[in-house]
**Q** 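Structure below; questions to follow.
Note: hydrogens, waters and symmetry copies are ignored here, and every other heavy atom, side chains too, is used. Sequence positions, counted from 1, serve as the residue numbers for this chain. Ligands are counted one by one from 1 in listed order, and the atoms in each one are counted from 1 as well.
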Amino acid sequence: MTERVVFEQVRVIDPVTGTDEVRDVAVADGVLAAETPSGAERIDARSLVLTAGLVDLHTHLREPGDEHKETVASGTRAAAAGGYTAVAAMANTDPPTDNAAIVQAVRDLAAAAGSCDVFPIGAITRGLDGEALAEMGEMVDAGVRIFSDDGRSVPTARLLRNALQYAKAFPVEVVLAEHAEDASLVEGGQMHEGARSASLGLAGRPAEAEEVIVARDLAITRSCGGRLHLCHLSSARSVELVRRAKAEGVRVTAEVTPHHLVGTDDDLVTYDTMKKMNPPLRTAEDRDALRAGLADGTIDVIATDHAPHAVEDKDREFDLAPPGTIGLETALAVVMTHLVEPGLLPLMRAIEALTSGPARILGTADHGGPLEPGRPANLVVFDPAAEWTVEAPFASKARNSAFLGERLRGRVRFTMLRGAFTVADGKPTR
Ligand code: DOR
């Protein structure tokens, strides 16, 4: 049901227009309204912040195949709870999203659930096997705009070049999103390779595993053209490689996760499997370079890499536990608490990296603002001062959060998808 509502005296932040002002924001008939409609519900929103709904370029919804970990319905409810109105769903499902039928099935499940728009990402290689290209054309016809074998890298430079050349031939622009970790260097690795992995006796995943793929992919994109997106950057040298490539005009974008912006390999001293993820948390120098890269725009967006796992899978020996942390319900508060509040990232830039930045890469005009009359009412209203503790239950089926037990500031109060509440008074409506 679409609402007639006015958020009174809310702080509106819109990076598309550069707006940061306190005013009333009215919604009617699914869109932002120029004037308060008659009979509108009035919500006192003084001290709250209103922005475009958040957009995540990197969500694992696990359906089809691993519905015990997450479903499209539970994952999109988690997204709404975190303030998201659009997520791009990774292709490493079972079976993988490597054809138009699965793309449509995921989209239908999302439409039926009604919590958040889902943009399925297509696999680059058939079955994610790293050998032959998937039916990318068929998926483009079905509306796919991002392709990725996330979970692992495109294994060879030649295959990446073929994929970029194939992608360039489509009448619409598509993006290849790379999970940059060289398989030969991370085999068996459990955490960042360095002094800490040595002291803990865990096999390492070195920063070079990421850097060689980033360098390779930038070289290929530089020579053959096309659009490259680098997922979850984790190493300082990767940031520097992207900075230089951008200066040369290579068409590359990059993302960083909230956990890589906050955590380091020192967090693993308790062998906490919640902090095990690929790529791994690295050193404080790496984390600081990621923060600087995000602030100066070298890294375009913040993406969650929301990776739900079953309790029994994470509750095992460190080297047997699967990598990944959920992130949709904590991303905004982690960014507010650890970056915006301490003055490391301006609020406007944080919101850009969570909304209009990812919407642009996704190629959707309906999300990410601008917040102007007539535009779809896809928005979030949050309380920047509200404190809460990260704990189960989550709206997600999973509870494997790297931030479990942390006190955070910043709480979603309302999320609207095309003018309908998906979160009201802090609670998912669906
Ligand atoms: O930590 C991770 N988990 N990294 C990935 O690349 C994949 C993801 C997953 O699917 O669980």
Side-chain angles (χ1 to χ4, degrees), residues 56-72 74-75 78 87-98 106 120-121 123-125 128 130 146-155 176-183 185-192 202 204-205 209-210 213-214 229-235 238 254-263 265 267-268 272-282 303-316 318-328 330-331 396-403:
D56 190 26
L57 286 183
H58 198 138
T59 295
H60 296 275
L61 290 176
R62 305 293 192 218
E63 190 173 5
D66 282 309
E67 290 84 354
H68 64 294
K69 296 183 176 185
E70 193 80 288
T71 61
V72 173
S74 66
V87 300
M90 274 299 170
N92 66 338
T93 48
D94 184 15
T97 307
D98 67 354
V106 170
I121 291 174
I124 295 174
T125 65
L128 297 174
I146 301 183
F147 291 88
S148 182
D149 276 6
D150 181 68
R152 55 180 88 140
S153 283
V154 175
L176 296 193
E178 176 75 290
H179 174 123
E181 278 194 302
D182 181 277
L185 286 176
V186 297
E187 175 102 51
Q190 303 294 325
M191 65 174 290
H192 172 64
L202 290 171
R205 303 173 84 90
E210 178 173 289
I213 298 295
V214 168
H229 177 75
L230 295 165
C231 297
H232 42 49
L233 286 190
S234 65
S235 125
S238 300
E255 71 187 32
V256 62
T257 71
H259 45 277
H260 289 106
L261 287 167
V262 173
D265 57 350
D267 298 348
L268 294 164
D272 181 359
T273 60
M274 301 300 170
K275 310 245 174 171
K276 176 178 177 179
M277 62 276 294
N278 296 338
L281 302 175
R282 300 197 191 275
T304 68
D305 198 1
H306 177 84
H309 288 292
V311 172
E312 62 273 22
D313 291 339
K314 274 291 195 181
D315 191 15
R316 353 180 20 178
F318 194 89
D319 53 349
L320 296 178
T325 170
I326 55 172
L328 289 167
T330 49
S396 168
K397 269 197 185 185
R399 50 178 64 189
N400 58 298
S401 168
F403 297 98

**Q** Judged by atom type as modelled, is there a donor-acceptor pair below 3.5 Å linking the side chain of Thr59 to the main-chain atoms of Leu61?
**A**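 No.
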**Q** By number and element, which atoms of ligand 1 are closer than 4.0 Å to a non-hydrogen atom of Ala307?
**A**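 Those atoms are 3 (N), 8 (C), 9 (C), 11 (O).
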**Q** For ligand 1, which part of Asn92 has a heavy atom less than 4.0 Å away: the side chain, the backbone, both, or neither?
**A**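 The side chain, only.
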**Q** Indicate yes or no: does an N/O atom of Gly324 lie under 3.5 Å from an N/O atom of ligand 1?
**A**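 N/O-N/O distance below 3.5 Å exists for this pair.
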**Q** Heavy-atom pairs closer than 4.0 Å: do any link ligand 1 to the side chain of Arg152, the backbone, both, or neither?
**A**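 The answer is neither.
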**Q** List the closest protein heavy-atom neighbour of atom 9 (C) of ligand 1: residue, atom name, distance to the nearest 0.1 Å.
**A**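 For atom 9 (C) of ligand 1, the nearest protein heavy atom is Arg62 NH2, 3.4 Å.
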**Q** Is there a side-chain contact between Asp150 and His58 (heavy atoms, below 4.5 Å)?
**A**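 In contact.
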**Q** Would the distance check show the side chain of His60 and the main-chain N or O of Asp305 forming a donor-acceptor pair, the cut-off being under 3.5 Å?
**A**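 Looks like no, no N/O pair under 3.5 Å.
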**Q** Could you identify the single nearest non-hydrogen protein atom to atom 6 (O) of ligand 1 and state the distance to 0.1 Å?
**A**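 It is His179 CE1, 2.9 Å.
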**Q** Of all the atoms in ligand 1, which lie at a distance below 4.0 Å from a heavy atom belonging to Asp305?
**A**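 Result: 4 (N).
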**Q** Evaluate whether atom CD of Glu187 has more than 12 neighbouring non-hydrogen atoms of other residues, nucleotides or ligands under 6.0 angstrom away.
**A**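 No, the 6.0 Å shell around CD holds no more than 12 heavy atoms from other groups.
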**Q** Which bit of Lys276 gets closer than 4.0 Å to ligand 1, counting heavy atoms only: side chain, backbone, both or neither?
**A**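 The answer is neither; Lys276 stays 4.0 Å or more away.
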**Q** For ligand 1, is Thr325 a contact, meaning one of its heavy atoms is under 4.0 Å away?
**A**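 Flag not set, Thr325 not near ligand 1.
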**Q** Report the residues that fulfil side-chain contact (heavy atoms from CB on, under 4.5 Å) with Val186, sequence neighbours left out, ordered by chain and then residue number.
**A**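 Val186 satisfies side-chain contact (heavy atoms from CB on, under 4.5 Å) with Glu181, Arg205, Ala209 once adjacent residues are dropped.
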**Q** Going by side chain to side chain contact (heavy atoms under 4.5 Å, CB included), Gln190 matches just one of Asn278, Leu202, Leu320, Leu268. Which one?
**A**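 Looking at Asn278, Leu202, Leu320, Leu268, the match for Gln190 under the side chain to side chain contact (heavy atoms under 4.5 Å, CB included) is Leu202.
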**Q** Counting each atom of ligand 1 from 1 as listed, which ones have a heavy atom of Gly151 under 4.0 Å away?
**A**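 Answer, ordered by atom number: 6 (O).
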**Q** Atoms of ligand 1 less than 4.0 Å from Met277 heavy atoms?
**A**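 Contacts of ligand 1 toward Met277, numbered from 1: 1 (O).
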**Q** Output the list of atoms in ligand 1 that are nearer than 4.0 Å to some heavy atom of Pro323, sorted by atom number.
**A**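 Numbered from 1, ligand 1 contributes 1 (O), 2 (C), 3 (N), 11 (O).
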**Q** Tell me: protein heavy atom nearest atom 4 (N) of ligand 1, and distance?
**A**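 Heavy-atom neighbour on the protein nearest atom 4 (N) of ligand 1: Asn278 O, 2.8 Å.
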**Q** Is there a donor-acceptor contact under 3.5 Å from the side chain of Thr93 to the main chain of Pro95?
**A**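 Here the side-chain-to-backbone pair exists.
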**Q** Starting at OG of Ser74, measure out to CZ of Arg62 and round the result to the nearest 0.5 Å.
**A**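 Here the interatomic distance stands at 11.0 Å.
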**Q** Is any side-chain heavy atom of Thr325 closer than 4.5 Å to a side-chain heavy atom of Thr257?
**A**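 In short, these two side chains do not touch, never coming nearer than 4.5 Å.
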**Q** Is there a heavy atom of His309 sitting under 4.0 angstrom from any atom of ligand 1?
**A**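 It does; at least one heavy atom falls under 4.0 Å.
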